[in-house]
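Here the structure comes first, spelled out in structure tokens, and everything after it is commentary.
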Amino acid sequence: MPPIETTIDSSDESPDSFAKSSLVTAELVSDPVVDAALVPRWKRALASIGRWSLLLILALMTFGFLSSGLSPDPSAIFDEDNAKSAVAQDENVDDIGAEAVAIALNDNPATAIEPVSLRSSESQPPGKANSKKSDSELALVSGKIAEQWRAELDSRGLEAAPMADWLTVCRRLSLALAGTGLSLEEIRSLQRLPEADRVETHRERLLSSERFHHYWAERTARYLVGADEGPFIFYRGRRFRTWLTEQYAKNTRYDELVRMLITAEGVWTDRPEVNFHTVTFDSGDNAPDPIRLAARTTRAFLGVRIDCLQCHDDFLGNVSLGDASWIMSCGADDATIQAASEEDAKYVLREGTQEDFHSLAAFFTAATSEGVQGLKDKRANYEYQYLYADETVPVEPSVPFLRELLPPRPTDQKDDSDEADVEDTAEEVATEEVVAEEPDAAPEFGDLPRYLSDRERLAYWLTHPENKPAARAAVTRVWTLLFGQPPAIETDYGFQVGEVDNLPLDSPPSPMIETLTEAFIESGFDIRKLIRCITDSPAFRVSSRADFDVTEQHELAMAVFPVTHLRSEQVAGAAIQAGRVKTINRDSSFFAQLQQFGNLNDFLKRYGDLGEDEFTQQPVTITQRLVMLNGKLINETASPNPILNASSHIEMFARDDEDVVRTLYLTVLNREPSERELEHFVERLTKESREKNDPPTSRKQEITDLTWILLNSSEFAWNH
């Protein structure tokens with residue numbers, strides 16, 4: 001069949017003729033279609049309405065999910081024994097956005113809601129007998145610390161401030177354990193409980209929450225691997241922090257955590273703990289740098305700085321090493337202390353030498369890079385040319401003090417597949433070494449495996465219960481995270497603030513730190529129990545205000561709670577939480593978490609971050625004040641936003657102006673306003689006062705200004 005050609009008359013140039021010819025061609029080359037005019041108009045309108053309605057419903061559902069989240073039942077309680085019954089009673093209750101906000105803003109304890117349910121990270125809840133035993137042990141330790149705290153003040157002739165109110169103590173706990181202030185939801189929940197139970201309940205909720213796991217994992221990663229990005233490809237900081245989060249969620253023992261870090265093997269992506277070593281690859285020629293690892297180990301796990309010993313001996317008396325008498329008598333009875341004092345000659349401190357540093361670094365040459373197989377453990381082989389020496393010499397792995405706790409090093413290293421007679425020979429040689437080198441008071445090593453690698457020997461020494469400096473360093477680190485500054489120590493220059501990673505052996509710890517160290521060891525290196533012991537002490541719960549003149553000595557002796565400036569991430573976390581009525585956590589909406597992540601990173605970039613030196617007290621800079629006054633985060637938190645911001649929710653649902661001021665103070669500063677503050681700001685919110693302004697202001701603008709004022713107050717940026 002010949003192709004059909006359409007002929008168009010050129011003389012007929014009318015649009016109608018062209019349309020008719022085009023229609024004929026279309027009908028010949030395409031399938032017939034139904035004319036739209038044949039479909040009733042009302043059906044087309046109905047179909048269009050249906051499509052747009054479905055699209056609108058989907059958009060509203062998406063926006064509702066992003067803005068409100070899918071939080072668990074807000075009425076669920078935290079006691080696991082009653083959790084099932086509480087959920088069963090309220091399983092049919094819907095969490096409607098406006099109603100939930102209105103209930104949270106209500107200051108009536110009978111109708112206040114609970115925060116989201118926080119699941120316990122323990123694999124199995126402890127039995128009642130163990131719980132009672134733990135409570136009694138905690139009470140004994142807390143009583144002993146309280147006696148020592150009072151004795152310390154009496155010996156210095158200092159008067160103690162009164163105990164702080166429960167809201168202040170709860171704010172300290174939130175800042176220390178989660179890096180944020182209290183949410184209004186948490187405050188209303190705690191108000192339902194008896195006042196005597198509020199602090200302990202809030203602490204246990206935090207210790208079981210993912211916020212605590214993530215926040216302390218971030219703080220731990222800072223002193224373990226630093227705040228830098230590390231070498232590309234060979235270091236995965238996010239994987240390392242996630243692994244630490246999992247360890248805190250499982251409540252891993254501290255000594256087990258240290259052993260996993262020191263003896264890590266494998267690929268850094270598959271075994272995240274290996275990143276503790278691979279972070280030094282950039283200075284170790286694609287291999288762990290034993291120099292940096294030795295310096296990091298002493299600071300993080302021993303609280304001793306021996307970096308200067310890398311290049312020369314200590315000629316200025318800045319580094320004292322050896323076996324101090326307080327190490328042997330820490331927590332002992334009077335007879336043991338007397339015996340130790342009579343044998344002071346045995347525990348003589350000495351000046352540090354280059355050998356102390358490099359013998360410790362020699363342990364880490366056992367970790368070698370095997371390419372795609374990651375880190376593998378081999379026999380340490382370390383050589384170094386000391387100052388004033390003519391050539392390099394081999395350096396045997398050793399430790400700077402308490403060397404009797406270090407397991408012996410086998411002279412020969414054989415695999416399990418070797419012949420039996422060779423194994424027996426190696427065991428005999430190792431046994432002879434033990435007899436020849438161990439002192440009379442050395443511990444028995446019969447319960448250890450036949451062969452320990454060099455890094456395993458170091459890990460065993462670091463986590464030995466008799467290694468008091470290592471346990472003291474862990475206690476000091478936890479104390480510093482809770483108080484915002486290290487505990488004070490006695491020095492040749494008087495009573496002054498110590499350093500979290502510089503605890504000289506010639507400066508014995510205070511009696512409270514000694515007691516906490518002993519309790520930490522006896523509890524099986526349980527970090528949560530250590531936190532409970534510290535936060536139960538009067539040193540943590542005392543007020544920062546007093547009727548007398550507060551001096552530096554009062555703060556050092558913990559007669560008052562030390563007033564410290566919040567760290568950068570705490571300022572940002574408190575500001576972000578102050579902009580929300582509900583608690584921001586992992587159960588919050590994706591939109592809220594994404595906004596928190598973006599605002600936090602942007603704020604830290606502008607506000608400044610001290611990195612590893614985050615506990616160094618520095619004055620507030622002009623740049624930091626400008627970021628608070630004009631920054632994006634503070635302005636967005638205070639500005640009106642009826643969907644997200646707490647200030648707008650408070651304006652909509654508060655009963656009156658007085659309720660607005662009270663609720664804003666609770667949300668931002670986590671305290672009730674004083675009578676003078678309440679009277680002043682309530683007056684500013686009245687219609688008569690607003691009309692006197694030039695130009696007149698609205699009630700919404702006054703609430704925004706009040707929120708901005710509270711966020712920029714000095715009280716907001718300080719822990720007190």
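The chain is numbered in sequence order, starting from 1. These numbers were taken from a predicted model, which means no experiment stands behind them.
Between Lys250 and Glu246 there is no salt bridge, since none of the side-chain N atoms of the basic residue sits less than 4.0 Å from a carboxylate O of the acidic one. Salt bridge annotation for Arg541-Asp536: present, with a cationic side-chain nitrogen under 4.0 angstrom from a carboxylate oxygen. Using a cut-off of 4.0 Å between Lys/Arg side-chain N and Asp/Glu carboxylate O, Arg671 and Glu677 are scored as salt-bridged. Of the charged side-chain nitrogens involved, none lies within less than 4.0 Å of a carboxylate oxygen, so that Glu185 and Arg580 do not count as a salt-bridged pair. In summary, Glu186 and Arg211 engage in a salt bridge, as defined by a charged side-chain N under 4.0 Å from a carboxylate O.
Separating the CG atom in Leu54 from the CD1 atom in Ile49 is a distance of 13.5 Å, to the nearest 0.5 Å. Interatomic distance, CG of Asp659 versus CZ of Phe653, reported as 12.5 Å (0.5 Å rounding). Once rounded to the nearest 0.5 Å, the distance linking CZ of Arg236 with CD of Glu229 reads 11.0 Å. We find the OG1-CD distance between Thr697 and Glu702 to be 3.5 Å, quoted to the nearest 0.5 Å. Taking CZ of Arg198 as the reference point, atom OG1 of Thr201 lies at 10.0 Å (rounded to 0.5 Å). With rounding to the nearest 0.5 Å, the separation of CZ in Arg528 from CG in Leu207 is 6.5 Å.
Taking a 6.0 Å sphere around CG of Asp547, one finds it holds 12 or fewer heavy atoms contributed by other residues, nucleotides or ligands. More than 12 heavy-atom neighbours from other residues, nucleotides or ligands sit within 6.0 angstrom of CD on Gln701. In the displayed structure, Glu715 atom CD is contacted under 6.0 Å by more than 12 heavy atoms of other residues, nucleotides or ligands. The number of heavy atoms from other shown groups lying within 6.0 Å of CG (Leu55) is above 12. Summarising the local packing, CZ of Arg625 is surrounded by more than 12 heavy atoms from other residues, nucleotides or ligands at distances under 6.0 Å.
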* To do: Check the pair Arg606, Leu633 against side-chain contact (heavy atoms from CB on, under 4.5 Å), reporting the backbone distance first and the verdict last.
  => CA-CA 11 Å; Arg606 298 175 182 274; Leu633 174 61; over 6 Å; no
* Test side-chain contact (heavy atoms from CB on, under 4.5 Å) on Arg171 and Leu167 and set out the steps. => CA-CA 6 Å; Arg171 182 176 188 264; Leu167 267 174; over 6 Å; no
* Verdict with supporting geometry, Arg477 and Asp501, side-chain contact (heavy atoms from CB on, under 4.5 Å) -> CA-CA 8 Å; Arg477 183 74 61 174; Asp501 57 356; 4.2 Å; yes
* To do: For the pair Glu204 and Arg532, evaluate salt bridge (Lys or Arg N to Asp or Glu O under 4.0 Å) and give the outcome as yes or no after the intermediate values.
  => CA-CA 9 Å; Glu204 296 308 313; Arg532 293 185 181 103; 3.0 Å; yes
* To do: Before giving the answer on side-chain contact (heavy atoms from CB on, under 4.5 Å), spell out for Ile534 and Ile145 the whole-Å C-alpha distance, their side-chain angles and the decisive distance to 0.1 Å.
  => CA-CA 9 Å; Ile534 296 177; Ile145 292 176; over 6 Å; no
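Defined by atom type and a distance below 3.5 Å, a donor-acceptor pair is missing between the side-chain atoms of Ser648 and Asn645. A donor-acceptor pair shorter than 3.5 Å cannot be found between the side chains of Ser689 and Glu683. Looking at Gln570 and Asn719, their side chains never bring a donor and an acceptor atom within 3.5 Å of each other.
Taking all atoms of both residues into account, the shortest heavy-atom contact from Phe276 to Val225 is CA-CG1, 3.9 Å. Taking all atoms of both residues into account, the shortest heavy-atom contact from Ser544 to Arg172 is N-NH2, 3.8 Å. Nearest approach of Phe540 to Leu482, heavy atoms of both residues: CE1-O, 3.7 Å. Scanning both residues, Tyr665 and Phe681, for their nearest heavy atoms gives OH-CE1, 3.4 Å. For Phe212 against Leu206, the heavy-atom pair with the smallest separation is CB-O, 3.0 Å. Nearest heavy atom pair, residue Ile576 against residue Ile584, reads CG2-CD1, 3.7 Å.
Remark: side-chain polar atoms of Asn275 are paired, donor with acceptor, to backbone N or O of Pro272 under 3.5 angstrom. Formation of a donor-acceptor pair under 3.5 Å by the His554 side chain with backbone atoms of Thr551 is found in this model. The main-chain N or O of Glu672 is never found under 3.5 Å from a side-chain atom of Arg662 such that the two would form a donor-acceptor pair. Checked by atom type and distance alone, the side chain of Asp602 never pairs as donor or acceptor with a backbone atom of Gly598 at under 3.5 Å.
Side chains of Arg188 and Gln191 form a contact here, defined as non-hydrogen atoms less than 4.5 Å apart. Between Thr637 and Trp708, every side-chain heavy-atom pair lies at or beyond the 4.5 Å cut-off. Between Leu177 and Ile531 the shortest side-chain heavy-atom distance falls below 4.5 Å. Between Tyr254 and Gln247, every side-chain heavy-atom pair lies at or beyond the 4.5 Å cut-off. In this structure, the side chains of Asn599 and Glu636 come closer than 4.5 Å at one or more pairs of heavy atoms. Between Glu555 and Val563, the closest side-chain pair of non-hydrogen atoms falls below 4.5 Å. Using a 4.5 Å cut-off on side-chain heavy atoms (C-beta onward), Ile527 and Thr252 make no contact. When side chains are defined from C-beta on, Leu190 counts as touching Trp166, because their heavy atoms get closer than 4.5 Å.
The aromatic rings of Phe483 and Phe561 lie parallel to each other, their planes meeting at an angle below 30°, with 60° marking the opposite boundary. Taking the six-membered ring where tryptophan is involved, the planes of Tyr607 and His565 are essentially parallel, since the angle between them stays under 30° and well short of 60°.
With a 6.0 Å cutoff to the six-membered ring centre and a 45° limit on the axis angle, Arg219 counts as a cation-pi contact of Tyr215.
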